[in-house]
Amino acid sequence: MTYKRFFAFGCSFTEWPWTTWADIVAAVYPKAQYYNYGKKGASNQLILSRVMEADSVFNFNKDDLVIVQWTSITRESRFLVNSWRGAGNVYRDYENYGEDFYKYTDPIDYLIRDCAAIKSVHSLLTLKQCKFEFLSMVPLTDPQTLSKKKVNIDLLSNKHTEYLLQTYKPVLDFIKPSYLEVVYKGDFQNNDTRLVHSDGHPDPEQHLKYLEKVLPSVPITEEGRTLVHKDMDTLISLPRITEDNKAGGSSQSWRLAVEHLWIQSYFRAVGTTVPRNTSGLRF
Amino acid sequence: MYKRFFAFGCSFTEYRWATWADIVAYAYKDAEYYNFGKAGGSNQIIMTRVMEADEQFKFNKDDLIIVQWTGSCRESRWKDGYWGGGGGNIYVFNKQYPKEWIENWTHPTDFLIKDLAAIKAVNTLLRSTQCTHYNISMVTVSASAFNKKSDTNKSNLQAIVNGYTETLSTVRPSYQNVIFNDRDWMEKLPRPLSSRINLEDPERKEVLRLDSHPTPTEHLQYVKTVLPELTIAPDADVIAEKETALVMPGPNRESDAPLTSLFGSRPDPKRARDSFFFYKRLKEVPSQNIAPFIH
């Protein structure tokens, strides 16, 4: 199968400094124009907005491959003064959202919103007759995304959850098993990366493993594997980050400091980012 | 002609008195009538309700579906078991969010981006179901987001709107334009009366106030103007006039809902609704349905 264009949507699991699933798929279809509209910290609502805008700009058709990687429901992305704000989990990432944001939220609200978003995108891509697939970072109702201190709700045994999952079952069944299930065996602590650090994002090998598992129909090419191996070699060679070199005593959390330094170190090693076309949308 | 009629929107769709949806339903008596309007609801809520309803009812070619889009800048959320944050434009009617939160976390551009995606999403879905579908609106979509934020870059907003030209071309002229002539809504007199909880009163008593929602007569005028494809019942004018008289200040209103003063309590909404003519007639239609799903 050949495609004229390949569009990837998602969060940082889609667009990140090193090779992601999207780059590996792009290597399978080198003749297809490759657009990567992943956005770090994106909510599913942002992903919906980007898919809709991309269709307005590019008018999806039967010659396109569109893969959407859905993310956690516990995110809010807001376009404030020319940039997206809000990243990560509203119940955990106080550095992004502040201490009080969660008080105005409800996971059921997020589930209502995101089920509708997923169905919307499914309807659009079906109507446009393009080939499309849905991937995911975590199951929509994964309790690990909630903080028990902040949310007094058992998402899995909640009557609204049950109703929504049942109502939207035909669409939700279309989503492939998540990274959490496939790569991390149900717990992000089960991280078998060969890197000395993990910044919370899958390494290139893990992306490859995920693709092979959930999209076996996509024939991974030698070019794709080379991309992964080369990137892994670079990442493995990066020096360990210690408390001593944590961004000059900044108040960042250890996780964010590692992410920041790790990426800086990666850029120094490779000199450039993975080539992707991320432009074309207004927001 | 149609087997089912679904109405979606905000309080312009489901209100204390008859709306455009009831007028349409009255004309298509043989169709099952579902009104999923939600007072104070945002366009996001409207979109989620359409999606949810399609999963429940499987829209098809025998359905008439009319979606009334509302103003932008609404921050409605499902919270602790019900929809909260409703009340209209967050920059005008907010009673729930601290000023600082609104400053830090909201922007008209953000509302606009999400609303345009929602309208396109609903259009796409309904096109795929082959139902008969119309979009109507409370306010003109491109104008609604340009208020209350001085740092809004209007050219950016316009660029975003321009990207959705095709989508927006499906939305019929708004109430703001057709009924209120693009002026302040309360300038069009006389306005009806309705009771609201007085949030400044420690006892939260209800008070009668002038209401900017369209009267039944105005709703009828709107339907006739923007949806000429639809049938209007021959007695709709007479009924709308009678019902409008009931909601306007004056002797008719007082006899319908006896009040000792402007600060008296109002009739229970359900009772008040039952007393109105469109609802009375609709009750005679056994297939009428009101919001059977959870959200």
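Here is the naming used below: chain letters follow the sequence lines, and residue numbers restart at 1 for every chain.
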Point-to-point distance, once rounded to the nearest 0.5 Å, from [atom1] of [X] to [atom2] of [Y]:
X        : Y        : atom1 : atom2 : result
B/Arg127 : A/Leu124 : CZ    : CG    : 9.0 Å
B/Thr106 : A/Arg85  : OG1   : CZ    : 11.0 Å
B/Asp54  : A/Lys119 : CG    : NZ    : 3.5 Å
B/Met51  : A/Ser123 : CE    : OG    : 5.5 Å
B/His107 : A/Ser83  : NE2   : OG    : 10.0 Å
B/Asp115 : A/Ser49  : CG    : OG    : 9.5 Å

Exercise. Any donor-acceptor pair under 3.5 Å linking the side chain of B/Arg77 with the backbone of A/Asp106?
Worked result: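 Side chain of B/Arg77 to backbone of A/Asp106, a donor-acceptor pair under 3.5 Å: no, none is there.
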Exercise. Looking only at atom types and distance, does a side-chain atom of A/Asp109 sit under 3.5 Å from a main-chain N or O of B/Lys79, one as donor and one as acceptor?
Worked result: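 Between the backbone of B/Lys79 and the side chain of A/Asp109 there is no qualifying donor-acceptor contact (under 3.5 Å).
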Problem set entry | NZ/B/Lys58: more than 12 non-hydrogen atoms of other groups inside 6.0 Å |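 Correct, the count exceeds 12.
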Exercise. More than 12 non-hydrogen atoms from neighbouring residues, nucleotides or ligands closer than 6.0 Å to CD on B/Glu100, yes or no?
Worked result: no
Please find the pair of heavy atoms, one from [X] and one from [Y], that lie closest to each other, and give the distance.
X        : Y        : value
A/Ser77  : B/Asp110 : O-OD1, 3.9 Å
B/Ile113 : A/Trp84  : CG2-CH2, 4.3 Å
A/Phe79  : B/Thr109 : CD2-CG2, 3.6 Å

Below 4.5 Å, heavy atoms only, C-beta onward: do [X] and [Y] meet side chain to side chain?
X        : Y        : answer
B/Glu52  : A/Leu164 : yes
A/Phe283 : B/Leu112 : no
A/Phe101 : B/Trp101 : yes
B/Lys114 : A/Gln45  : yes

Heavy-atom distance under 4.5 Å to chain B: side chain of [X], backbone, both or neither?
X        : result
A/Glu76  : side chain
A/Val171 : side chain
A/Asp100 : neither
A/Thr105 : both
A/Lys128 : neither
A/Leu127 : side chain

Exercise. Contact part of B/Asp80 toward chain A, heavy-atom cut-off under 4.5 Å: side chain, backbone, both or neither?
Worked result: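 Interface part for B/Asp80: both.
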For this session: Indicate the ring-plane relationship of B/Trp105 and A/Tyr97, choosing parallel, tilted or perpendicular according to the 30° and 60° boundaries.
Result: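 B/Trp105 vs A/Tyr97 ring planes: parallel.
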